[in-house]
Number of protein chains: 2
Amino acid sequence: MATMEFQAARQPVRRTGGRSARVRAAVIDATLAALLTRGLDDLSITEIAQQAGVHPTTIYRRWGGRSNLALDAVLSGTEAEIPPPDTGSLRGDLLAVIRGIFPFLRTPLGELLVRLALRRDLPEYEAARGGYWAQRFRAGAALFERARARGELRADVDPVLALETLVGPMYVRMLMTGEPLDDALLVRCVDLVLDGIATRPR
Amino acid sequence: MATMEFQAARQPVRRTGGRSARVRAAVIDATLAALLTRGLDDLSITEIAQQAGVHPTTIYRRWGGRSNLALDAVLSGTEAEIPPPDTGSLRGDLLAVIRGIFPFLRTPLGELLVRLALRRDLPEYEAARGGYWAQRFRAGAALFERARARGELRADVDPVLALETLVGPMYVRMLMTGEPLDDALLVRCVDLVLDGIATRPR
DNA sequence: CAGATAACGCAAGCTAAGTAGCGATAAGAT
DNA sequence: ATCTTATCGCTACTTAGCTTGCGTTATCTG
């Protein structure tokens, strides 16, 4: 044994910017387009491959299935962070929060993200789902701390439950009843969460 | 022409109780079982047919696809009506409402119903969805009328929005965050909707 | 009991999803 | 500039979903 080529189990060399990157970009773009027009379940790998100018086998090899492909495409298109607001009042902050979420949810990409998050038959999403929503809801914690310091918040209020109650009707209408949903309703949601529906505190 | 058999464009003769009925019952049962174990998307018509002792072709002919089959099965298994409660107080009524919904949602059939309602790629469901949820939410109207007569309800409260706000967190937790959900949380949901989170009414 | 026929079973075939093997190409390293 | 090899394209194949056509059975009507 003259030359002992010690070759550690190295991972494949990245080819950033080369053909691989071009192929990936083309496929992701085509997948997003297909997702927005045809939905998740009617996704045709062959059609995406044609649209991207790529052979279907390539997609099957790189992504392995439509779940991974869709997840990769959506997460690639959703990098925006929503900064927590600080308007000086609890009502203003809550209004800013819900007004920050609402327009995004009306976006085709936003609705797609929500629908992906609801799927339970895609094991690839189970890991991403919990972390995504937890982060999104925890971001509002500071908001409630400030309100409590200002004396605007009842003592026994759970911030997470309050946020869930705030945005709950929005999701219920979007996903189930399909009833109309506009900015005026968002204001009513905020005021309902703030004041409740009872005539006087018990 | 001796006998003029006037034969209007009659619809196929119903064969209630015969082989057709038996086949239908067997297929519906097998479909429900398959839905509860394998989910909607991994549904195998061939497997259901074997389970029901029926040829796959029969299912394709009668139902035409898995969407119709699943919808028929679920609606056949969900005939229970939830009577609107009347406990004498707004808080008691709201608690009864949410306590009536919650256990059903934890049922496999309940969760299945919710997930079916969330699907937008099944045109068969679009018609059923709106009516189902509208009825479910309108059933609570009387509840609020009584509360208003007792002077327990603020004047400007929208009953539908109030109900959506009440059950919103429950759905958010079940569908998105996956956070724990028990009876104690239901009580907190009711109290939050009743009293709000602000220290004093504006 | 005796037609008429709706509904079912069966076999064959079509389409699309997904996989495997193999040669070709181009990105990256020496 | 040249070599190595990760990645891609191509063909062929397997599998499952679904449809079609035809003969058979069981139900309903008279």
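All values below were derived from every heavy atom in this structure, side-chain atoms included, with hydrogens, water molecules and symmetry-related copies excluded.
Using a 4.0 Å cut-off, no side-chain N or O of Arg62(A) falls inside it from OP1 or OP2 of dA6(D). In this structure, Arg22(B) reaches the dT27(D) phosphate: one of its side-chain N or O atoms is under 4.0 Å from OP1 or OP2. In this model, the phosphate group of dG9(C) is approached by a side-chain N or O of Thr58(B) to a distance below 4.0 Å at OP1 or OP2.
Of the possible donor and acceptor atoms, one in the side chain of Ser44(A) sits under 3.5 Å from a partner among the backbone N and O of Glu47(A). Formation of a donor-acceptor pair under 3.5 Å by the Arg148(A) side chain with backbone atoms of Ala155(A) is found in this model.
Look at CD1 on Ile48(B): it is 16 Å from P on dA16(D), rounded to the nearest Å. Atom CZ of Arg24(B) and atom P of dC8(C) are 12 Å apart (whole Å). What separates CD1 of Ile59(A) from P of dC10(D) is a distance of 13 Å, to the nearest Å. In this entry the distance linking NE2 of His55(A) with P of dG21(C) reads 17 Å, nearest Å.
One axis for each end of the helix from dC1(C)-dG30(D) to dT30(C)-dA1(D), each built from five base pairs, and the angle between them comes to 40° at 10° resolution.
A salt bridge does not link Arg66(A) with Asp41(A): none of the charged nitrogens is closer than 4.0 Å to a carboxylate oxygen. A salt bridge is absent between Arg146(A) and Glu152(A): the closest approach of a Lys/Arg side-chain nitrogen to an acidic carboxylate oxygen does not fall below 4.0 angstrom.
Between the side chains of Arg62(A) and Thr57(A), no donor-acceptor pair is found at a separation under 3.5 Å. Of the N and O atoms on the side chains of Ser76(B) and Arg24(B), at least one donor lies less than 3.5 Å from an acceptor on the other residue.
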* Asked: If the sugar-phosphate is the primed atoms plus P, OP1 and OP2 and the base is the rest, what is the B/S/- string for nucleotides 13-20 of chain C, using protein heavy atoms under 4.0 Å?
  -> ----SBBB
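Between Ile45(A) and the options Thr31(A), Leu69(A), Val27(A), a side-chain contact (heavy atoms from CB on, under 4.5 Å) holds for only Leu69(A).
Considering only residues two or more places apart in sequence or on other chains, Thr177(A) meets the side-chain contact (heavy atoms from CB on, under 4.5 Å) condition with Val172(A), Arg173(A), Glu179(A), Trp133(B), Phe137(B), Glu164(B).
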